[in-house]
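Following: one structure in structure tokens, then a few remarks.
The model shown is predicted, which means the values in this text are computed figures rather than measured ones. Ligands are counted one by one from 1 in listed order, and the atoms in each one are counted from 1 as well.
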Amino acid sequence: MKNNEFTIEIKNLSHFFGEKKIYENLNLNIKKGSVFAFLGKNGVGKSTLINILMGYIKPKNGECLIFKESSFNLSIQAKEKIALLHEGFTTYDFMNIKQIEQFFKPFYPKWKSKVFYDLVDLMALNHNQKISTLSFGQKSQVVLGLIFAQDAELLILDDYSMGLDAGYRRLFIDYLKDYVKNSDKTVLITSHIMSDLVDLIDDIAIIQKGGDVYQDSMKNFIEKFRCYKVALNEMFEEKDIHRVEIHKDYKKIYTFEKLENLKELNVDFEDRFLGFVGKY
Ligand SMILES: Nc1ncnc2c1ncn2[C@@H]1O[C@H](COP(=O)(O)OP(=O)(O)OP(=O)(O)O)[C@@H](O)[C@H]1O
């Protein structure tokens with residue numbers, strides 16, 4: 001983290017779809033130079049937040065600031081500094097690889113053609129191949145090339161992993177690490193693939209159905225949110241327990257408390273995340 005400036009400020013944000021509450025009075029600050037992950041199960045409102053941040057949806061209440069400007073009314077100068085990868089992003093399918101690079105280039109003052117071709121050429125495709133004829137994963141790779149080539153100050157990646165194979169996903173994460181290293185670039189990321197993310201992320205917000213949001217640094221969450229394996233008949237005070245997971249011969253207790261005389265299990269981030277939000 002480079003300083004105390006915020007790239008994104010979300011203030012008292014509330015949003016509903018009809019009767020359905022997505023958030024109520026959500027407050028989040030995303031520090032300049034940090035990687036922030038917005039996590040949660042399917043359908044809790046991750047993409048909705050990104051839609052609000054990009055000005056596609058007007059929230060019922062509250063405001064979001066990006067580079068200190070209202071997200072609903074961003075200037076062109078601010079938009080030029082944001083690269084957005086949206087879930088289900090479709091490119092201009094009728095163009096070929098070369099044409100799409102040429103098409104995007106004039107919109108972004110800091111465009112880096114080399115970055116685009118470095119990424120795309122890893123697939124060893126002919127630059128004259130039409131986007132519509134690429135496989136789903138190959139399309140995603142072209143899209144990521146278009147995103148990184150923008151050299152944006154703020155990267156917003158909504159479910160970046162769609163369709164990428166394991167090798168390319170890792171390559172992408174390595175690219176992202178380089179992108180943020182020694183720079184003031186800020187990244188907001190949502191993903192369902194947790195194992196990729198742990199080393200990369202500074203801060204997390206875990207959103208739950210009904211709008212409850214947990215916020216902390218990744219480091220604190222991993223340190224403070226504990227898992228214990230205990231006998232089925234062992235009883236605990238409700239205040240000590242975040243979630244109980246019942247197995248055939250034992251149960252797992254997930255908690256922010258340090259429970260004396262119990263053996264803490266060494267679980268990975270994905271287990272902790274699932275212990276926090278529940279599996280189903
Ligand atoms: N325009 C809309 N009208 C009504 N409901 C909507 C609309 N857009 C989203 N929703 C609902 O709001 C909730 C949040 O949707 P959203 O797409 O933000 O979830 P998400 O966390 O990104 O999910 P996923 O992980 O599956 O991508 C869902 O229940 C969805 O059905």
Problem set entry | Location of contacts on I207 toward ligand 1, heavy atoms closer than 4.0 Å | neither

List every atom of ligand 1 that sits less than 4.0 Å from any heavy atom of [X], numbering the atoms from 1 in the order shown and giving each element.
X: S47; answer: 17 (O), 18 (O), 20 (P), 22 (O)
X: N42; answer: 23 (O), 24 (P), 25 (O), 26 (O)
X: T48; answer: 14 (C), 15 (O), 16 (P), 18 (O)
X: K46; answer: 18 (O), 19 (O), 20 (P), 21 (O), 22 (O), 23 (O), 24 (P), 25 (O)
X: I22; answer: 12 (O), 13 (C)

Between [X] and [Y], does any side-chain N to carboxylate O distance fall below 4.0 Å?
X: D203; Y: K31; value: yes
X: E9; Y: K68; value: yes
X: K279; Y: E245; value: yes
X: K224; Y: D216; value: yes

Problem set entry | Hydrophobic cluster identity match, L65 and F67, side-chain contacts under 4.5 Å | no

Exercise. If we only count N/O pairs under 3.5 Å, is G43 in contact with ligand 1?
Worked result: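 It does: an N or O of G43 is found under 3.5 Å from an N or O of ligand 1.
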
Problem set entry | Test of proximity, V44 against ligand 1: N or O pairs below 3.5 Å | yes

Exercise. Can you find a non-hydrogen atom of G45 under 4.0 Å from ligand 1?
Worked result: yes

Exercise. Any chance the side chains of S47 and D158 put a donor and an acceptor closer than 3.5 Å?
Worked result: yes

For this session: For the residue pair S113 and E101, confirm or rule out a side-chain donor-acceptor distance under 3.5 Å.
Result: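 Judged by distance alone, the side chains do pair up.
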
